[in-house]
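The model shown is predicted, which means the values in this text are computed figures rather than measured ones. Just so it is clear: chains get the letters A, B, ... in the order the sequence lines come, proteins before strands, and each one is counted from 1. Atoms considered below: every heavy atom in the structure, side chains included; atoms not considered: hydrogens, waters and symmetry mates.
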Amino acid sequence: MVESLAQMVVHGEAWTVKDLFVLPNEYVYWSIQIVLYPYMTGLVAGAFVLSSLYHVFGVEKLKEIARFALVFSFALLPVAMMPLMLHLQQPQRGINVMMTPHFTSAISAFGIVFMTYACIVGAEIWFVYRQFIVESIQRLENKADRGSIDSLLLLIYKLISLGARDLSEEALHADHKAVKFLAGLGIPVACFLHGYAGFIFGSVKANALWMTPLMPVIFICSAVVSGIALCIISYAVFMEIRKWAAKRNKNFLLPDRLVGTTDLSADHLRSVQTHEVKMTSKYLLIFMTLAITLELLDIIFRGYTAVKSWDILRDVIYEHDFTKIFIMQYGIGNVLPFLLLLIPGLTTRRACVACVLVLFGVFMMRWNVVIGGQAFSLSFAGFMHYHLPIIPHDMETFKEGLGGSLLVLSAPFIIFYFINMIFPAFLEDKSH
Amino acid sequence: MKRRDFLKNSLVFISGAGVSMSALEWLDPKAVLASRPEVRWAFLVDTHKCVGCGFCVKACKIENDIPLQANVTRTWVERYVIKKDGDVVMDSPKGALNGFTSNKIDQNKSGMLEVADEEIAQAFFVPKLCNQCENPPCVQVCPVGATYQAADGVVLVDRKWCIGCGYCIMGCPYGVRFFHPKEKVAEKCNFCYHRITQGKKTACVQACPFSARKIGNLRDPKDPVAQVILNQRVGVLRDEYGTKPHVFYIGLNKEVR
Ligand code: SF4
Ligand code: SF4
């Protein structure tokens with residue numbers, strides 16, 4: 001029988017190495033994109049929770065970073081869907097989830113929850129920036145020599161203002177109230193969105209590693225941790241760029257110039273940045289403690305109850321994945337940044353290093369859950385090793401390899417760059 | 001009529017109607033049929049009779065258009081070798097497409113394992129296929145309803161609607177599902193639905209030279225398969241998952257997983 005080579009390689013075969021007794025159809029079907037999916041969703045949820053801390057609970061100290069976190073969360077939103085689409089075998093049918101949602105499935109309502117969440121974030125941004133939008137329209141309209149970028153911006157602002165140009169005292173007050181309400185509503189929805197991602201895994205009874213009711217809670221905590229860490233780093237990095245630009249009087253399309261706030265001094269920026277980063281790190285520590293406690297509780301509980309699957313899980317946790325779990329995830333990703341953040345005299349640079357480690361740690365956590373959960377056979381008598389495809393040789397190894405994951409990881413920054421031109425994330429806050 | 005009387009009468013009428021209405025139940029003919037249809041397919045495997053020739057695997061692949069050399073299969077046969085010291089080793093090279101032609105046990109990356117004859121306490125073969133679970137987790141987790149259960153118990157996949165998320169593959173506790181190498185959608189054994197619904201046997205049942213595999217209708221008391229399942233001691237795989245599997249085994253022991 002003549003069959004082309006392409007038919008021989010079944011999905012998953014390119015990156016799975018089997019050891020001992022593994023059932024014939026078992027492969028690592030959920031690979032890097034499914035690692036990235038909860039990772040990206042987590043970042044969205046986490047960034048939003050950070051911004052809400054200021055808007056809802058009035059944590060004044062987070063004022064500056066809150067606005068940034070909100071815009072960044074908006075930029076992350078479309079990216080949360082990307083890994084799913086890159087993972088589907090029939091991406092063109094992805095819309096079927098909306099057309100015939102099968103509600104006993106944990107994935108089916110994702111679209112609905114996700115859309116609700118997107119609307120909340122979108123609406124919140126609109127209310128936060130409404131005053132700015134109207135002011136920009138006025139400023140641009142009065143500008144005598146409008147360039148093409150100015151005209152484009154004016155058009156965009158006019159469109160998104162939705163005709164609401166009332167800047168009276170009451171109107172602004174109403175905006176303020178709406179922001180508070182939406183931020184408050186957003187917190188449970190963000191947690192639900194992400195807890196839900198945890199449920200997708202936690203509810204798979206066939207998988208001994210995934211099946212735990214703690215999974216959604218663990219996911220939420222680590223999501224908030226990763227979101228805050230990413231905000232701190234990005235905030236610091238973007239501030240760095242602005243300082244650099246402020247000194248040289250350049251603008252690199254960063255919107256400071258476009259909106260007309262050119263009175264930026266490098267010193268001023270530095271003090272804002274240090275202050276914000278320090279404050280945010282405190283919240284990071286709180287959520288980290290929570291996340292680590294829950295994860296350890298899970299492992300201890302499994303060891304203590306030692307049901308049938310524990311034999312193979314122990315092999316995976318303490319032998320096969322020991323480096324990935326205890327050294328990379330807990331050691332480098334949790335303990336080390338924890339200490340870095342605790343040592344007094346925190347500088348921005350140290351906070352950033354700690355945050356990079358935290359992000360790495362959360363990524364490893366997702367990896368260890370998703371890939372680790374498929375590292376052993378359903379027969380409990382064999383193992384599967386996953387090798388991330390680095391050099392793609394077809395569409396599949398690109399999508400579910402290094403290339404695809406870098407695409408997903410870089411997307412939020414690119415999107416942020418453009419969104420930032422319309423909704424400047426670093427606007428000095430006057431009203432809200 | 002006074003207002004008070006009107007209210008009183010209405011109250012009496014409503015409560016009376018409520019009682020009699022509650023005796024009626026909305027009957028959906030489909031639901032009635034599904035709750036006790038005439039057919040409930042079940043499978044019977046006699047592990048004593050299986051010799052691991054793999055004819056069933058080959059017949060299945062040809063019948064259901066799964067590329068022979070692709071390393072996935074709707075049905076497969078496992079070999080269990082239980083040593084005198086209690087160790088159990090298992091393998092299923094290529095799902096036993098070509099049968100078990102070597103004494104060596106295929107341990108994948110760890111190579112071929114040789115077990116001396118005098119060390120062996122017992123050895124046997126176990127054919128596996130989709131259990132057409134009564135409570136199928138694969139159906140539960142499919143986000144678009146592309147995997148569904150027919151009234152006669154067989155779980156089917158709609159190839160035109162599956163989005164290829166792989167959630168059902170993850171959800172099946174038996175490792176039965178995979179992605180079809182050509183169709184790029186979820187695939188699994190469906191008891192040769194196109195055959196059994198036309199009164200034929202499945203390809204594997206027909207191909208088995210030793211009648212180790214049988215298919216029958218649990219609802220028919222005269223069906224030989226139903227009789228064995230009802231009157232003899234049979235086992236099922238991994239019932240701890242609450243899936244209520246409908247592939248029954250004669251001669252199953254605890255080493256089989
Ligand atoms: S054995 Fe697996 S694929 Fe077959 S019905 Fe049960 S859960 Fe679904
Ligand atoms: S792979 Fe197809 S059949 Fe399986 S859960 Fe996804 S959409 Fe449903």
Ranking B/G111, B/A96, B/C162, B/S92 by heavy-atom pairs under 4.5 Å to chain A gives rank one to B/C162

Specify the closest pair of heavy atoms between A/A206 and B/P173, including all atoms of both residues, with the distance to one decimal. CB-CA, 3.6 Å

With rounding to the nearest 0.5 angstrom, report the NZ to CE distance, B/K109 to A/M384. 13.5 Å

For the atom pair OG (A/S108) and OH (B/Y167), what is the distance rounded to the nearest 0.5 Å? 9.5 Å

Taking atom types as modelled, is there a side-chain donor on B/N71 or A/E13 under 3.5 Å from an acceptor on the other? yes

Once rounded to the nearest 0.5 Å, what's the spacing between atom CG of A/L20 and atom CG of B/L113? 9.5 Å

Is the CE atom of A/M211 crowded by more than 12 outside heavy atoms at less than 6.0 Å? no

Taking every non-hydrogen pair under 4.5 Å, which of A/K18, A/R93, A/Q374 racks up the most with chain B? A/R93

Chain A contact via B/E187 - side chain, backbone, both or neither, heavy atoms under 4.5 Å: neither

Side chain, backbone, both or neither: which part of A/F103 has a non-hydrogen atom closer than 4.5 Å to chain B? neither

Under 4.5 Å, counting heavy-atom pairs only, tell me which of A/T104, A/N207, A/V17 racks up the most with chain B. A/T104

On a heavy-atom basis, which atom in B/C165 and which in A/W30 lie closest, and how many Å separate them? O-NE1, 3.0 Å

Where does A/M98 contact chain B at under 4.5 Å (heavy atoms): side chain, backbone, both or neither? neither

Select, from A/Y27, A/Y29, A/W210, A/F383, the one with the greatest count of heavy-atom pairs under 4.5 Å involving chain B. A/Y29

Between A/H11 and B/H180, is the side chain to side chain contact (heavy atoms under 4.5 Å, CB included) condition met? List the steps. CA-CA 8 Å; A/H11 184 77; B/H180 193 293; over 6 Å; no

Would you mind checking which part of A/I200 comes under 4.5 Å of any heavy atom in chain B, side chain (CB onward), backbone (N, CA, C, O), both or neither? both

Given a strict heavy-atom distance threshold of 4.5 Å, which part of A/Q92 is in contact with chain B: side chain, backbone, both, or neither? neither

Search all heavy atoms of B/G95 against all heavy atoms of A/P24 and return the closest pair with its distance. CA-CG, 3.9 Å

Would the distance check show the side chain of A/N96 and the main-chain N or O of B/W161 forming a donor-acceptor pair, the cut-off being under 3.5 Å? yes

Under a 4.5 Å heavy-atom cut-off, does chain B meet the side chain of A/S377, its backbone, both or neither? neither

Side-chain donor or acceptor of A/N25 paired with backbone N/O of B/F178 under 3.5 Å: no

Contacting region of A/H87 [heavy-atom separation from chain B under 4.5 Å]: both

What's the separation between atom OH in B/Y241 and atom NZ in A/K205, rounded to the nearest 0.5 Å? 9.5 Å

Got a second to check how far A/L378's CG is from B/C172's SG, nearest 0.5 Å? 7.5 Å

Segment of B/R177 engaging chain A (4.5 angstrom heavy-atom cut-off): backbone

Side chain, backbone, both or neither of A/V204 within contact of chain B (heavy atoms, under 4.5 Å): side chain

Counting only heavy atoms from other residues, nucleotides and ligands, does the tally under 6.0 Å from CE of A/M99 exceed 12? yes

Could you pull out the closest heavy-atom pair between A/A381 and B/R257, with the gap in Å? CB-CZ, 4.4 Å

Determine, stepwise, if the pair B/I163 / A/V97 fulfils side chain to side chain contact (heavy atoms under 4.5 Å, CB included). CA-CA 8 Å; B/I163 58 174; A/V97 180; 3.6 Å; yes

What's the spacing between A/S309 OG and B/E240 CD if we round to 0.5 Å? 10.0 Å

B/V89 portion near chain A, given a 4.5 angstrom heavy-atom threshold: neither

Quick one: closest heavy-atom pair of A/L23 and B/G175, and the distance? CD1-CA, 4.1 Å

Carefully, step by step, assess B/Q140 and A/H102 under the rule side chain to side chain contact (heavy atoms under 4.5 Å, CB included). CA-CA 8 Å; B/Q140 183 187 32; A/H102 186 237; 5.8 Å; no

Is a side-chain donor or acceptor of A/T100 paired with a backbone partner of B/V144 at a separation under 3.5 angstrom? yes

Let me see the working for A/Q90 and B/V185 under side chain to side chain contact (heavy atoms under 4.5 Å, CB included), right down to the final yes or no. CA-CA 7 Å; A/Q90 303 283 350; B/V185 288; 3.6 Å; yes

